[in-house]
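All heavy atoms count here, side chains included; hydrogens, waters and symmetry mates do not.
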Amino acid sequence: MEINQYEIVLVNLDPTIGSEIKKTRPCVIISPNEMNWHLNTVVIAPMTSTSKKYPTRVSVKHDHKTGWIVLDQIRTIDKQRIIKSLDTLNEKEIQKVKMILKEIFVD
């Protein structure tokens, strides 16, 4: 399965510890394609259907529902955790994710 940046994939996140987001859920691929195509791991941000309005969360429309990309729970996973591809973020959602990632990690 070819994995691409900003793709939404269904991922089994269990087992988890403490406050980590758990269960099988949609996640957004954050890692660049150069990594996605050559490594056995990818960097993801989980999604949730309910969220408080934190500055590290991005609202998206997926599967006819509003969800939230949880950029404060980014993690690296093995590709074996990915069950299937679901969708891709649109350009507006990608720009919002990039802006928040820059605020978190660069500025």
Side-chain angles (χ1 to χ4, degrees):
M1 171 191 306
E2 185 175 286
I3 307 294
N4 293 296
Q5 189 176 38
Y6 305 118
E7 189 174 348
I8 301 171
V9 293
L10 189 63
V11 177
N12 178 358
L13 296 174
D14 292 328
T16 58
I17 298 173
S19 297
E20 297 170 347
I21 290 185
K22 47 185 134 290
K23 73 181 187 177
T24 299
R25 65 177 62 241
C27 297
V28 175
I29 304 294
I30 301 297
S31 48
N33 287 334
E34 294 79 15
M35 290 172 58
N36 300 334
W37 298 339
H38 299 288
L39 300 177
N40 291 324
T41 57
V42 291
V43 179
I44 57 100
M47 293 178 66
T48 185
S49 58
T50 58
S51 177
K52 296 181 178 160
K53 197 160 171 111
Y54 293 125
T56 56
R57 312 268 168 113
V58 177
S59 175
V60 297
K61 294 279 188 196
H62 164 67
D63 198 25
H64 307 290
K65 299 179 223 164
T66 299
W68 297 85
I69 304 170
V70 186
L71 293 172
D72 51 279
Q73 289 264 347
I74 291 174
R75 67 184 89 172
T76 301
I77 61 162
D78 191 284
K79 289 179 182 175
Q80 292 181 69
R81 288 185 175 270
I82 299 173
I83 298 166
K84 66 179 179 178
S85 177
L86 299 173
D87 204 352
T88 303
L89 297 182
N90 65 39
E91 192 58 38
K92 184 178 177 184
E93 294 164 341
I94 291 169
Q95 292 309 314
K96 182 73 172 169
V97 167
K98 285 181 175 182
M99 183 183 76
I100 292 175
L101 287 173
K102 184 177 180 226
E103 287 176 11
I104 294 171
F105 294 110
V106 179
D107 293 341

(message) Can you tell me how far apart CD1 (Ile82) and CD (Glu7) are? Round to the nearest 0.5 Å.
(response) 8.0 Å
(message) Quick check for you: to the nearest 0.5 Å, what is the distance between Cys27 atom SG and Gln73 atom CD?
(response) 10.0 Å
(request) Flag the pair Ser85 / Glu2 as yes when at least one side-chain heavy-atom distance between them is below 4.5 Å, and no otherwise. (result) no
(message) If you define the side chain from C-beta out and look only at heavy atoms, does anything of Val42 sit under 4.5 Å from Val9?
(response) no
(message) Same cluster or not: Ile8 versus Ile100, using hydrophobic residues (I, L, V, M, F, W, Y) connected whenever any side-chain heavy atoms lie under 4.5 Å apart?
(response) yes
(request) Could you name each residue pair satisfying side-chain hydrogen bond (donor to acceptor under 3.5 Å, both in side chains) that touches residues 33-47, not counting sequence neighbours? (result) Asn4-Trp37, Ser31-Asn36, Asn33-Asn36
(message) Quick check for you: to the nearest 0.5 Å, what is the distance between Ile104 atom CD1 and Thr56 atom OG1?
(response) 5.5 Å
(request) Report yes or no: do Ile3 and Leu10 belong to one cluster of Ile/Leu/Val/Met/Phe/Trp/Tyr joined by side chain heavy-atom distances under 4.5 Å? (result) no
(message) Distance check, rounded to the nearest 0.5 Å: Ile44 atom CD1 versus Lys79 atom NZ?
(response) 14.0 Å
(message) For a side chain to side chain contact (heavy atoms under 4.5 Å, CB included) check, start with the C-alpha distance between Gln5 and Ile94, then their side-chain angles and the critical distance, and finish with the verdict.
(response) CA-CA 10 Å; Gln5 189 176 38; Ile94 291 169; over 6 Å; no
Please list every donor-acceptor pair under 3.5 Å in which a side-chain atom of residues 64-71 meets a protein atom from a residue at least two apart or in another chain.
residue, atom, partner, partner atom, Å
Thr66, OG1, Lys61, NZ, 2.9

(request) Would you please name every residue forming a side-chain hydrogen bond (donor to acceptor under 3.5 Å, both in side chains) with Glu20, sequence neighbours left out? (result) none
(message) Can you confirm whether Met47 sits close enough to Leu86 that some side-chain heavy atom of one is under 4.5 Å from a side-chain heavy atom of the other?
(response) no
(request) Indicate if Ile30 and Tyr54 have the same hydrophobic cluster label, given that clusters are the connected sets of ILVMFWY residues with side-chain heavy-atom separations under 4.5 angstrom. (result) no
(message) Hydrophobic clustering (ILVMFWY, side-chain heavy atoms < 4.5 Å, transitive) - are Leu101 and Val60 grouped together?
(response) yes
(message) Between Ile77 and Met35, is there shared hydrophobic-cluster membership here, with clusters defined by ILVMFWY side-chain heavy atoms closer than 4.5 Å?
(response) no
(message) How long is the straight-line distance from CD of Glu91 back to OH of Tyr6, given to the nearest 0.5 Å?
(response) 9.0 Å
(message) Tell me whether Asp14 contacts the main-chain N or O of Lys23 through its side chain, where contact means a donor paired with an acceptor under 3.5 Å.
(response) yes
(message) Is any side-chain heavy atom of Val58 closer than 4.5 Å to one of Leu89?
(response) no
(message) What I'd like to find out is whether the side chain of Met99 reaches to under 4.5 Å of the side chain of Glu103, using heavy atoms alone.
(response) yes
(message) As an exercise, state the distance from CD1 of Ile21 to OG1 of Thr48, rounded to the nearest 0.5 Å.
(response) 5.5 Å
(request) Would you mind reporting whether Glu93 and Val28 have side-chain heavy atoms less than 4.5 Å apart? (result) no
